[in-house]
Amino acid sequence: MRTSCAALTAILLSIAIPAMAADYPAPKQGDWIAKDFKFHTGETMPELRLHYTTVGEPSGQPVLVLHGSGGSAASMLNASFAGELFGAGQPLDASKYYIIIPDSIGHGKSSKPSDGMKTGFPKYDYDDMVEAQYRLVTEGLGVKHLRLVIGNSMGGMHTWLWGEKYPKAMDALIPMASQPTEMASRNWMLRRIMLDTIRNDPDYNGGNYASQPRMMKYAIAAYGIASIGGTLAYQSQAPTAAKADKIVDERLAAPITADANDFIYQWESSHDYNAAGKLEQIEASLLLINSADDERNPPETGVTDAAMKRVKSGHLYLIPASTETRGHGTTGNAAFYSEQIRQLLQNAPQRTM
């Protein structure tokens, strides 16, 4: 699986490589302008551009797919995700489903700091991003009810918020690589250190840099190795110091394609995330898919198990750890859970608004 430099060098979610062998319709791209979009800070943008990609026809059952931090709709169109789900006979067969994949605020081709506003761009959080997605789906595309909302990592956290903010808007929810509890512990500590490292690089210059800060690649590589990849997988890949050095050298040599301001906004937007307060309000059938070796959402804390007991129609599928899994990155490969998605859609009741 190739991975995106913009989403933590070579170690996060899959890059935008269309799964050419997959038997699904060609993706279509579009843009929609959300007028007078109000952020949680009280700031308003007269025109917020939201880019999106669709696969399939509007006559199909609508499915919303949400990407991870630093990604975009394009990062979900790869062999390991779209190639396992969107093809003929697959769980999200695009001849039956209308698949909608937005570029979240600050990502891809949607409005973001690097468009010109730099640090003058409104500070957004996950609630803002989910509201923008909802407006795109309902106002922009005219979809009033979704068969499924599915998201990975940041998109998984967004999926939890969708179930709470708009409980009647969908039949089923599949949050992945996430938990519905406060952004805290090692997950936030590492993010905080990564962001502070970039901000404190003299090259950053308060966001008015002439070139990307030189320390950015080290901050991204350190966070990525610490929080994604899988303990068993790393031991298998790098059982000697020489092999470990080779992996580090390769990651530091990879070009950083992310803009520093965009990157800081993307990761800092998670700071106030906490879906724990309204779990009882979720009405849709919910399947949480996590990996047993997920470094950011470790199951051994019991936090996820406790939260799931509060979800009326919620179930957890925990992918067993192995040398084939990649910790937090495991859910980027739908081969690990495609049949669980199929079963959920077969059993989830169809509702209307």
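Residues: numbered from 1 along the sequence shown.
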Discussion item. Keeping N78 on the side-chain end and S75 on the backbone end, is there a donor-acceptor pair under 3.5 Å?
Written reply: yes
Worksheet item: Are K96 and E57 close enough, and set up right, to give a salt bridge (charged side-chain N to carboxylate O under 4.0 Å, His left out), and what steps lead you there?
Response: CA-CA 8 Å; K96 301 177 181 178; E57 296 301 322; over 6 Å; no
Worksheet entry | Test log, rule side chain to side chain contact (heavy atoms under 4.5 Å, CB included), inputs T331 and I319 | CA-CA 9 Å; T331 47; I319 303 168; 4.3 Å; yes
Worksheet item: When you measure from the side chain of N333 to the backbone N and O of A335, does any donor-acceptor pair fall under 3.5 Å?
Response: yes
Item to complete: Would you confirm whether D294, through its side chain, and N290, through its main-chain N or O, come within 3.5 Å as a donor-acceptor pair?
Response: no
Worksheet item: When you check the gap from the basic side-chain N to the acidic O, do E283 and R351 get nearer than 4.0 Å?
Response: yes
Practice prompt. Could you tell me whether the side chain of Q212 and the main chain of A260 form a donor-acceptor pair under 3.5 Å?
Written response: yes
Item to complete: Using the ring pair (Phe, Tyr, Trp, His ring centres under 6.0 Å) rule, collect all pairs that involve residues 149-169, keeping only residues at least two apart or in two chains.
Response: Y126-H158, Y134-W162, Y134-Y166, W162-Y166
Fill in: R192 and D196 ion-paired at < 4.0 Å
yes
Fill in: For F336, all residues meeting ring-ring contact (aromatic ring centres under 6.0 Å, His included), sequence neighbours excluded
none
Worksheet entry | Side-chain donor/acceptor of Q266 to backbone N/O of G106, under 3.5 Å | yes
Worksheet entry | Cationic N near anionic O, under 4.0 Å, D203 to R214 | yes
Item to complete: Determine yes or no for a side-chain-to-main-chain donor-acceptor pair under 3.5 angstrom, with H67 supplying the side chain and N152 the backbone.
Response: no
Item to complete: Could you walk me through whether T325 and D293 pass side chain to side chain donor-acceptor pair (under 3.5 Å), step by step?
Response: CA-CA 8 Å; T325 57; D293 57 352; 2.8 Å; yes
Worksheet item: Is there a path of hydrophobic side-chain contacts, each under 4.5 Å between heavy atoms of I, L, V, M, F, W or Y residues, that connects I105 with M117?
Response: yes
Worksheet item: Under 6.0 Å between the ring centres of F39 and Y124?
Response: no
Discussion item. Hydrophobic clustering (ILVMFWY, side-chain heavy atoms < 4.5 Å, transitive) - are L195 and Y209 grouped together?
Written reply: yes
Worksheet item: According to a 4.5 Å side-chain heavy-atom criterion applied to Ile, Leu, Val, Met, Phe, Trp and Tyr, with indirect links allowed, do L146 and W32 form part of one hydrophobic cluster?
Response: yes
Fill in: NZ/NE/NH1/NH2 to OD/OE distance under 4.0 Å, D262 and K112
no
Discussion item. Checking the side chain of R49 only, and the main-chain atoms of K109 only, is there a donor and an acceptor separated by less than 3.5 Å?
Written reply: yes
Worksheet item: Checking side-chain hydrogen bond (donor to acceptor under 3.5 Å, both in side chains) against H328, which of S227, S291, S153 comes through?
Response: S153
Worksheet item: What are the two closest heavy atoms between Q281 and K312, and how far apart are they?
Response: C-NZ, 4.4 Å
Item to complete: Return yes if some donor-acceptor pair links the side-chain N/O of D171 with the main-chain N/O of Q350 below 3.5 Å, else return no.
Response: no
Fill in: K123 bridged to D128 by N-O distance under 4.0 Å
no
Worksheet item: For residues D127 and Y273, is any side-chain donor paired with an opposing acceptor at under 3.5 Å?
Response: no
Worksheet item: Do I193 and I220 sit in the same hydrophobic cluster, where Ile, Leu, Val, Met, Phe, Trp and Tyr count as joined when their side-chain heavy atoms come under 4.5 Å apart?
Response: no
Fill in: Check: N187 main-chain N/O paired with S185 side-chain donor or acceptor under 3.5 Å
no
Worksheet item: Just one of L344, T159, L286, V63 clears the side chain to side chain contact (heavy atoms under 4.5 Å, CB included) bar with I174, so which one?
Response: L344
Discussion item. Looking at S110 and H51, would you say the former's side chain and the latter's main chain have a donor-acceptor pair under 3.5 Å?
Written reply: yes
Worksheet item: Heavy atoms, side chains only, cut-off 4.5 Å: are W188 and E182 in contact?
Response: no
Practice prompt. Indicate yes or no: at least one non-hydrogen side-chain atom of V65 is less than 4.5 angstrom from one of F81.
Written response: yes
Item to complete: I would like to know whether M216 and F263 meet side chain to side chain contact (heavy atoms under 4.5 Å, CB included); could you show each step before the answer?
Response: CA-CA 10 Å; M216 189 170 169; F263 188 88; 3.8 Å; yes
Worksheet item: For E139, what residues pass the salt bridge (Lys or Arg N to Asp or Glu O under 4.0 Å) criterion, not counting sequence neighbours?
Response: R135
Worksheet entry | Y317 side chain near L287 side chain, heavy-atom distance below 4.5 Å | yes
Fill in: Stepwise side chain to side chain contact (heavy atoms under 4.5 Å, CB included) test for M183 and D272
CA-CA 7 Å; M183 175 59 65; D272 64 356; over 6 Å; no
Item to complete: Describe, in one word, how the ring planes of F121 and Y265 are oriented to each other, choosing from parallel (under 30°), tilted (30 to 60°) and perpendicular (over 60°).
Response: perpendicular
Discussion item. If only side-chain N and O atoms count, and only distance matters, is there a donor-acceptor pair under 3.5 Å linking E84 with S338?
Written reply: no
Item to complete: Say whether L66 and V143 are linked into one hydrophobic cluster, either directly or through other cluster members, by side-chain heavy-atom distances under 4.5 angstrom.
Response: yes
Practice prompt. Of all the heavy-atom pairs spanning A307 and L279, show the shortest one and how long it is.
Written response: O-CD1, 3.5 Å
Item to complete: For T41 and E43, test the side chains for any donor-to-acceptor distance below 3.5 angstrom and give the result as yes or no.
Response: yes
Discussion item. Checking K243 against I247 for the side chain to side chain contact (heavy atoms under 4.5 Å, CB included) test, could you report, in this order, the C-alpha distance in whole Å, the side-chain angles of both residues, the deciding distance, and whether it holds?
Written reply: CA-CA 6 Å; K243 290 184 177 180; I247 290 175; 5.8 Å; no
Worksheet item: Which atom names give the shortest non-hydrogen contact between P213 and I198, and what distance separates them?
Response: CG-CG2, 4.3 Å
